[in-house]
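Single-structure report; data block below.
Just so you know, these numbers come straight off a predicted model, no measurement behind them.
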Amino acid sequence: MTEKLYYDDPFLTEFTAVVLACREEKNLWRVVLDRTAFYPEGGGQPADHGTLGGAAVSDVREKDGEIVHCCDRPLAVGETVEGRVDFARRFDFMQQHSGEHIVSGILCGMFHCDNVGFHIGHDLVTIDFNAELTADDVREVERRANRYIWEDHPLQVDYPSPAALEALEYRSKKALTGQVRIVSWPGADCCACCGTHVLRSGQVGMVKLLSCQRFREGVRIELAAGGRALERFETIAGQNTRVSQLLSAKVTDTAAAVERMQKELYQLRGRVADLEEKDFARKAEEYAGRGEVLLFEGAMSADSLRKLCGMVQESAGGRCAVFAGEGEVWQYAVSQPDGDLRGFVKELNAALRGRGGGKPGFVQGSVQASEAEIRGFFGKN
């Protein structure tokens with residue numbers, strides 16, 4: 001059984017230990033110590049990283065009470081080595097895990113539900129609850145959680161006897177046997193947990209609930225705590241400042257400015273659609289009765305390309321092909337309602353380095369060819 005120093009002092013970053021075993025497996029050395037401050041992955045919390053006797057520790061796992069450190073070089077059995085934990089990583093995880101406890105405890109107490117999933121990711125924490133929550137519910141949970149954090153409550157960790165555990169109300173996602181570690185934030189949460197946590201709620205700093213989406217039988221909440229919450233705010237604030245500069249609006253008025261721009265854009269799109277309709281009608285009239293038609297136009301949307309091709313074909317009466325673009329990048333639409341273009345489009349794509357398809361009477365796609373190559377192809381077809 002490896003002695004777990006991280007439970008005695010979660011802020012411990014340097015320690016010494018004796019190497020009990022070292023075996024190579026998949027280009028890494030699995031090292032077992034008599035004691036360790038490295039937290040092994042578990043309970044939704046990733047493993048610590050750091051160094052051990054000069055070797056880099058990239059993962060830590062626990063099995064049957066034995067904690068295995070994955071190192072990039074071997075360590076001599078019987079040697080006393082010095083370990084250093086990457087504390088920036090550890091403290092981040094402690095902030096996230098502690099913030100999750102406080103949020104989950106308050107939320108489950110308010111809505112009489114369960115935390116059924118928890119994961120600390122690279123950027124965010126996700127928590128799953130078997131309850132339906134509104135945006136107002138989530139905001140109220142966030143307010144209560146931050147108020148609790150700022151009150152700076154102390155953490156309590158206990159190992160109750162089986163009888164005391166039986167009488168205790170605590171959160172747990174599965175039935176537990178043996179010695180159970182109970183982590184409590186008095187007035188907010190009481191939970192069976194094997195992770196590391198800050199010592200006082202004030203060390204979490206703050207929590208921000210970033211999203212709440214329907215997930216399975218309940219919801220999934222994305223959370224950022226402490227340093228991650230600050231980094232997210234800095235990113236969002238920076239983007240909002242840039243938007244305010246582009247729109248010549250105050251940082252507090254960017255949403256209203258975007259709404260005005262959207263309204264103007266909608267109106268402009270309507271005017272463009274009207275002008276496009278008149279231009280397409282003029283082109284269709286120009287090619288009335290021409291039969292076979294090949295057109296080259298400037299870049300346009302796929303919908304506009306399809307519409308122009310259809311209008312010209314109906315007026316001309318024969319096969320109509322429209323290519324929109326420039327240089328050697330073109331979008332195409334070909335219409336021949338009374339024909340079968342499937343063989344034709346395969347030849348077109350093969351000859352002009354294209355891709356696309358469609359129905360027997362209409363095909364659409366793109367090619368990488370010059371206008372001269374396109375004209376040459378149609379001259380032979």
Side-chain angles (χ1 to χ4, degrees), residues 1-98 100-101 118-123 125 155-162 165 172-183 191-199 203 226-227:
M1 298 289 288
T2 307
E3 183 182 353
K4 301 173 180 178
L5 302 177
Y6 49 83
Y7 281 161
D8 298 330
D9 181 3
F11 284 79
L12 179 66
T13 60
E14 298 183 7
F15 68 100
T16 58
V18 176
V19 178
L20 301 181
C22 180
R23 60 183 182 273
E24 185 179 2
E25 184 179 325
K26 297 180 180 179
N27 298 320
L28 289 173
W29 280 265
R30 279 29 177 177
V31 176
V32 179
L33 307 173
D34 65 335
R35 61 184 199 152
T36 185
F38 283 90
Y39 177 79
E41 179 179 346
Q45 180 174 328
D48 285 334
H49 291 175
T51 60
L52 194 58
V57 178
S58 59
D59 195 15
V60 187
R61 299 296 175 103
E62 180 178 8
K63 184 177 181 180
D64 300 326
E66 182 180 82
I67 297 177
V68 180
H69 307 73
C70 296
C71 301
D72 67 348
R73 67 189 71 175
L75 298 176
V77 175
E79 180 184 6
T80 297
V81 294
E82 183 176 338
R84 286 188 172 88
V85 175
D86 179 348
F87 188 69
R89 177 182 171 91
R90 159 73 71 78
F91 187 66
D92 170 50
F93 293 154
M94 291 199 299
Q95 283 188 316
Q96 308 313 311
H97 205 156
S98 301
E100 178 272 328
H101 270 273
F118 162 59
H119 175 69
I120 299 178
H122 177 70
D123 298 314
V125 175
L155 174 72
Q156 292 182 6
V157 178
D158 298 296
Y159 296 88
S161 66
L165 185 66
S172 176
K173 292 189 286 292
K174 59 182 180 181
L176 302 173
T177 58
Q179 189 178 60
V180 177
R181 183 172 184 259
I182 297 296
V183 174
C191 181
C193 182
C194 63
T196 57
H197 307 82
V198 295
L199 301 181
Q203 292 170 327

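Under a 3.5 Å cut-off, the side chain of E79 and the backbone N or O of V18 do not form any donor-acceptor pair. The backbone N or O of W29 sits nowhere less than 3.5 Å from a side-chain atom of R23 that would complete a donor-acceptor pair. A donor-acceptor pair under 3.5 Å is formed between the side chain of D9 and the backbone N or O of F11. Remark: the backbone N or O of L199 is paired with a side-chain donor or acceptor of Q203 at under 3.5 angstrom. In terms of modelled atom types and a separation under 3.5 Å, the side chain of Q96 and the main chain of V125 share no donor-acceptor contact. Although no hydrogens or angles enter the test, the distance criterion places no donor-acceptor pair under 3.5 Å between the side chain of T16 and the main chain of E82. Put simply, the side chain of R89 never gets that close to the backbone of P46: no donor and acceptor are under 3.5 Å apart. Under a 3.5 Å cut-off, the side chain of Y6 and the backbone N or O of P40 do not form any donor-acceptor pair. Judged purely by atom type and a 3.5 angstrom limit, R30 has no side-chain atom pairing as donor or acceptor with the backbone of C71.
Between F15 and R35, the shortest heavy-atom contact is CE1-O, 3.7 Å. A56 and D72 make their closest contact through N-OD1, 2.9 Å (heavy atoms, listed as atom of the first residue, atom of the second, distance).
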Practice prompt. Step by step, work out the side chain to side chain contact (heavy atoms under 4.5 Å, CB included) result for V19 and L33.
Written response: CA-CA 5 Å; V19 178; L33 307 173; 4.0 Å; yes

Discussion item. Determine whether H69 and T36 satisfy the following criterion, side chain to side chain donor-acceptor pair (under 3.5 Å), listing intermediate values before the conclusion.
Written reply: CA-CA 9 Å; H69 307 73; T36 185; 2.8 Å; yes

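No side-chain heavy atom of C194 sits less than 4.5 Å from a side-chain heavy atom of E62. Within the 4.5 Å cutoff, the side chain of R61 has heavy atoms near those of the D59 side chain. Under the 4.5 Å side-chain criterion, counting only non-hydrogen atoms from C-beta, I182 is not in contact with V157. Using a 4.5 Å cut-off on side-chain heavy atoms (C-beta onward), V57 and F38 make contact.
Aromatic ring centroids of F93 and Y39 lie 6.0 Å or more apart.
Donor-acceptor pairing under 3.5 Å is lacking for the side chains of T196 and H97.
In this structure, L28 CG and R73 CZ are separated by 12.5 Å, a value rounded to the nearest 0.5 Å.
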